[in-house]
A.B. asks: 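After the structure tokens below, expect a handful of questions from me.
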Amino acid sequence: MQPSDHDSPTGGGSLPTSPIASAAVKVLKTRHTLNDASSLSQSEFHLPYRRSHPSAASLYASTLSPPASRSQSPIGRPASRITSSVFGAGANNALALVSGAGDSPGDPLNLILRAFVPHVAVYTSEDTDILLKEKGFERGLWELLRPFGERVQGKVIIRDSNGSSRTYEDYSVHFVRFGEGIVHPESVTTGLKNAQTHRTNGVSSEKSGELRQGIAISDVEAVVDRHLNYAEDSFFSLPQSPTNHGLDLDVPSPYYALYLRRLLSGLPLTPHETFAHPVACVIAISSRNQTPIETLRRLYTESSTGDKRLPSWVDGEFLRYYVLVHDEEKDDITRSMSLFDQMKRNLGLHCHLLRIRGTQSVATDDDSIPLPRSEWMAASEELLDIRRSEDQEDFEDPTRYIFDSDATAIRTFIREMVTQSIIPTMERHVSVWNDQVASRRRGLAGRFVGLTKRWGFGSSNRTSFAGQSSGSNYDSLGFYRQDAPEAIMRKLADYAFMLRDWKLAHSTYDLLRSDFNNDKAWKYHAAANEMAAISLLIVPQNLSAKSRAETIDAAFEAAFYSYITRCSAPYGALRCLALGLELLRLRGGSSIDDAAKWGIRLLESKIAGPVGDALIKERLAVCYASKQGTGTHLWGGRRRKSALWSVLGADAWVAQSKYIQAQRCLNEARKTYSELPGGNGIDRFSYASAFVLSIGKQLNHNLEVGEHQDEDGTTTEGEQSDMVDEESEALDVMRGRRISALGLPGGTTGAGLETAPLKAQLDANEEEKERQDTGEADDDFG
């Protein structure tokens, strides 16, 4: 995050040619330190590469430059998607939200759609790994395929449970290594013991509690903190500063988008949700293999019943997709074509011949292109790369290059696999599970079966354990087996969500909540409530305040309580409320107040670290700012609350020495206060005004020191004296904007609403006390 109006017209990073020019630049920078609030509406965000570590710049690409679809001019931005009434829950066109989400890569809804997608495991033979290592990919075929799966080329047609088809151009899949990321469940007794003994302020006090969830919040915080530090270093290392990025209502901060993306990246393979369970597995061999068919059968056996098989709570009947990797430069294409025909005869039609060049591509090749860095790598993986760049003096740029022909072949392969194999297989499973399993739970007969299970009249002979009913399918080891009706229905709901059939997903999640509650499967119960609320918020239907309180609020409350109190799973609670905040905000109207309520609840829980705490405060400011008022005075708006949370966000950033981010928040707060009618800004509140002024002084001091500090840590007196003169102007408290005579009905110029009715009385009491102390007489003339 950078302060405003520091870019040169050309945006270059050239050094000044003379000391006079350098001083002029620095004086100009200080003059706009705190008063330039107009630049906060800009959406472009550029950071120069840090000179000390040029090879590490690609590691920070996700926050160095904005998405290509983001317009530089505010006029070119898409209109806000919040169109509902300020006093009620107006129209919410979720289909329009989803269709436009793909145009904004950092949009929270887009992140949700791209996080919960089919996972495709990759399992390769030894000869394939050798071929990919010669090509420059040490981690094999998975490393090569992963970036291309994050955006499937062309249109993807998906048929929902009603038979209607929809077309999407932003569909994606996540490639993972087979057998990695497995998080085994805890037994019932172990889970209860940990939830009772390892808790501090509602959160597990041991890091192992986070590691059991597969994603450590500390890693997410560390990654975003590294990006923020890089931005601070980049700002202070160059005489010309980058463009500021303001609190946009439609485009979130790149650091908040990174925080959400890393929070949703690398979903672990757990029993209580099946998003990370493999929908398909790519079994690959190379054209160098001497016994290809036997190797494919061996790989299939190892992944199904051998040592590499997945746990018993994972359905092993997922799609196998066989790939023959052909080396165009060293192997015979005729032999590979013959082998490919043999594969289709013996293994079925789910096969593909991937033709790539076996040599390593470099940047100087004519037809080479850079391999895009994966946006959905796990936080631990990115943190490891960043630490490696900080520790190694001879760190090399991790960017890999591939031939353009290889990229075309990979895109074709992924599109063919997704559209012809994965999507039809998922649609068929959804249809079968919905007809044979879920339909039995709907209606009067299904409710009766649920009651018999609840009161222990089922046919199961299992004994009661830890308060569970005798008819429960919940194993004492802490999971449902993959063939249990509850596990099948959970997979049905997740498949429907990944296929963007949110109505079917919500109805199935809603059925499962009572089952998991009866079985006291608390982590299953929390996850079902979380996804029931999220899917309902995406469904294109209006929700009144009463409906939200009975459905959305109840589901979030049950999920949050189960995650924190019963399961000691802070990651699930953070993910639940963070996504709920964003989806409620997008609905607009009175839903914005509900979104802020859950955001404040998240802050009070102390789940997030200092970086997440500051980012959530920023989002609360944006949330309140998106509440549109009506009339001349914008009745029903939440501008004061938005400014308050901007100030609190600035204070949180200052405490972490993130002065660029703090400056942006403070500028936004001052801009909001200055736009209040009748001069009713913050000037009339002495303590609040002094608090804002103190933050501004800290920012000016630290930015001044950083800007004028040489590489050896020295500062020249001439530059410092110039800065003090300029800074004194920036520290003046901004005055409220005067209301025009045409701004009020009837042309009156009266003041606006009295925002502090007790202030006059308090001032009078203080004056009376002073007169009594000094012996001054009251003349009774006011």
Side-chain angles (χ1 to χ4, degrees), residues 118 120-137 139-149 152-154 156 173 175-178 278-304 306 308 317-361 367 402-426 428:
V120 181
V122 179
Y123 192 41
T124 59
S125 60
E126 294 79 2
D127 52 281
T128 307
D129 294 336
I130 295 175
L131 173 61
L132 269 297
K133 287 182 180 179
E134 294 177 357
K135 195 171 176 59
F137 297 94
R139 291 178 283 185
L141 184 63
W142 163 76
E143 184 182 5
L144 177 61
L145 297 179
R146 181 172 62 166
F148 293 97
V152 179
Q153 186 181 30
V156 177
V173 295
F175 287 97
V176 296
R177 284 188 281 195
F178 183 81
V279 173
C281 179
V282 172
I283 299 179
I285 62 171
S286 72
S287 54
R288 303 176 181 178
N289 196 291
Q290 301 300 322
T291 57
I293 302 299
E294 291 76 7
T295 303
L296 290 172
R297 295 187 186 277
R298 177 178 58 84
L299 294 176
Y300 173 83
T301 304
E302 290 178 356
S303 62
S304 301
K308 300 292 185 179
E317 299 300 323
F318 46 82
L319 173 70
R320 265 70 173 188
Y321 198 88
Y322 301 95
V323 176
L324 174 61
V325 182
H326 171 73
D327 186 354
E328 291 275 64
E329 298 176 342
K330 297 182 179 180
D331 296 329
D332 184 11
I333 184 60
T334 304
R335 177 180 178 275
S336 296
M337 292 293 295
S338 175
L339 175 58
F340 181 64
D341 293 336
Q342 186 180 358
M343 288 172 54
K344 290 191 292 185
R345 288 194 303 267
N346 289 272
L347 304 173
L349 297 179
H350 298 296
C351 301
H352 187 85
L353 175 61
L354 180 60
R355 302 172 60 176
I356 60 175
R357 298 172 62 177
T359 57
Q360 183 175 355
S361 176
D367 57 345
I402 61 172
F403 298 103
D404 190 23
S405 58
D406 294 347
T408 303
I410 294 173
R411 293 191 189 100
T412 303
F413 154 61
I414 293 177
R415 171 169 176 78
E416 179 180 326
M417 179 179 62
V418 171
T419 57
Q420 298 181 15
S421 298
I422 293 179
I423 296 298
T425 300
M426 295 179 66
R428 183 170 60 254

A.B. asks: Report yes if some heavy atom in the side chain of E328 is under 4.5 Å from a heavy atom in the side chain of H326; otherwise report no.
C.D. replies: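 Contact flag for E328/H326 side chains = yes.
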A.B. asks: Test side chain to side chain contact (heavy atoms under 4.5 Å, CB included) on Y321 and F413 and set out the steps.
C.D. replies: CA-CA 11 Å; Y321 198 88; F413 154 61; 3.6 Å; yes
A.B. asks: Please round to the nearest 0.5 Å and tell me the distance separating atom SG of C281 and atom CZ of F178.
C.D. replies: 5.5 Å
A.B. asks: Run M343 and L296 through side chain to side chain contact (heavy atoms under 4.5 Å, CB included) and show every step you take.
C.D. replies: CA-CA 9 Å; M343 288 172 54; L296 290 172; 3.9 Å; yes
A.B. asks: I want to check something: taking the side chain as every heavy atom from C-beta on, are D406 and R355 in contact at a cut-off of under 4.5 Å?
C.D. replies: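 Side-chain contact under 4.5 Å: no.
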A.B. asks: Report yes if the side chains of K133 and Q360 come closer than 4.5 Å at any heavy-atom pair, otherwise no.
C.D. replies: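 Counting from C-beta outward, K133 and Q360 never come under 4.5 Å.
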A.B. asks: Check whether F318 forms a cation-pi arrangement with R320 (NZ or CZ under 6.0 Å from the six-membered ring centre, at most 45° off the ring normal).
C.D. replies: yes
A.B. asks: Donor-acceptor pair, distance only, cut-off 3.5 Å: does the side chain of S338 make one with the backbone of T334?
C.D. replies: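 No; judged by distance alone, with no hydrogens or angles, the pair does not exist.
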A.B. asks: Test T128 against every option in I130, L131, L132 by the side-chain contact (heavy atoms from CB on, under 4.5 Å) rule and name the one that passes.
C.D. replies: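 The side-chain contact (heavy atoms from CB on, under 4.5 Å) with T128 is passed solely by L132 among I130, L131, L132.
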A.B. asks: Which atom pair, heavy atoms only, marks the closest approach of I285 to L299?
C.D. replies: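 Closest pair (atom of I285, atom of L299, distance): CG2-CD1, 4.2 Å.
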A.B. asks: Does any part of the side chain of T291, heavy atoms only, come nearer than 4.5 Å to the side chain of I293, both counted from C-beta?
C.D. replies: no
A.B. asks: Within 45 degrees of the axis of the six-membered ring of F403 and under 6.0 Å from its centre: does R357 put its NZ or CZ there?
C.D. replies: yes
A.B. asks: For the residue pair P292 and L339, what are the closest heavy atoms and their distance?
C.D. replies: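 Reported closest heavy-atom pair: CG-CD1, 3.2 Å.
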A.B. asks: Mind running side chain to side chain contact (heavy atoms under 4.5 Å, CB included) on V282 and M417 for me, showing each step along the way?
C.D. replies: CA-CA 10 Å; V282 172; M417 179 179 62; 3.7 Å; yes
A.B. asks: When you compare the side chain of I423 with that of V418, does any pair of heavy atoms fall below 4.5 Å?
C.D. replies: yes
A.B. asks: Between K308 and E302, does at least one N-O distance fall below 4.0 Å, as a salt bridge requires?
C.D. replies: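 Judged by the 4.0 Å cut-off on N to carboxylate O distance, K308 and E302 do not form a salt bridge.
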A.B. asks: Would you say that more than 12 heavy atoms from the other residues, nucleotides or ligands in this model lie under 6.0 Å from the CD of E294, or not?
C.D. replies: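 Counting neighbours around CD of E294, more than 12 heavy atoms of other residues, nucleotides or ligands fall under 6.0 Å, so yes.
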A.B. asks: In Å, rounded to the nearest 0.5 Å, how long is the span from CD1 of I410 to CG of L144?
C.D. replies: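 Output value for this atom pair is 3.5 Å.
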A.B. asks: In sequence, state the C-alpha distance, the side-chain angles, and the governing distance for Y300 and Y322, and then conclude on side chain to side chain contact (heavy atoms under 4.5 Å, CB included).
C.D. replies: CA-CA 10 Å; Y300 173 83; Y322 301 95; 3.6 Å; yes
A.B. asks: Please give me the minimum heavy-atom distance between S421 and H350, naming the atom from each residue.
C.D. replies: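 The answer is OG-ND1, 2.9 Å.
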A.B. asks: What closest approach, in Å, do M426 and P118 show between heavy atoms, and which atom pair accounts for it?
C.D. replies: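 Between these two residues, the closest heavy atoms are SD-CG, 3.7 Å.
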A.B. asks: Hey, what do you get for CZ (R177) to OH (Y123), rounding to the nearest 0.5 Å?
C.D. replies: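 Rounded to the nearest 0.5 Å, the CZ-OH separation comes to 13.5 Å.
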A.B. asks: Would you please say whether a donor-acceptor pair under 3.5 Å links the side chains of T359 and E329?
C.D. replies: yes
A.B. asks: Looking only at heavy atoms, what is the nearest atom pair of G149 and F175, with distance?
C.D. replies: CA-CE1, 3.8 Å
A.B. asks: Heavy-atom distance under 4.5 Å between the side chains of I402 and F137, does that happen here?
C.D. replies: yes
A.B. asks: I'd like to check I356 versus K135 (side-chain heavy atoms, cut-off strictly below 4.5 Å). Are they in contact?
C.D. replies: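 Yes, at least one pair of side-chain atoms sits under 4.5 Å.
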A.B. asks: Rounded at 0.5 Å granularity, tell me how far CG in D331 sits from OG in S286.
C.D. replies: 7.0 Å
A.B. asks: With R288, which of D327, D127, D332 fulfils salt bridge (charged side-chain N to carboxylate O under 4.0 Å, His left out)?
C.D. replies: D327
A.B. asks: Roughly how far, to the nearest 0.5 Å, is the OG1 atom of T412 from the CD atom of Q153?
C.D. replies: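 Result: 6.0 Å between the selected atoms.
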A.B. asks: Are T301 and S304 close enough that a side-chain donor and a side-chain acceptor fall under 3.5 Å?
C.D. replies: no
A.B. asks: Would you indicate whether the side-chain heavy atoms of L354 and L324 approach each other to under 4.5 Å?
C.D. replies: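 A side-chain contact under 4.5 Å is absent here.
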A.B. asks: First locate atom CD of E126, then atom CG of N289, and finally report the distance between them rounded to the nearest 0.5 Å.
C.D. replies: 8.5 Å
A.B. asks: Determine the minimum heavy-atom distance between C351 and E416, stating which atoms define it.
C.D. replies: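 So the two residues come closest at O-OE2, 4.1 Å.
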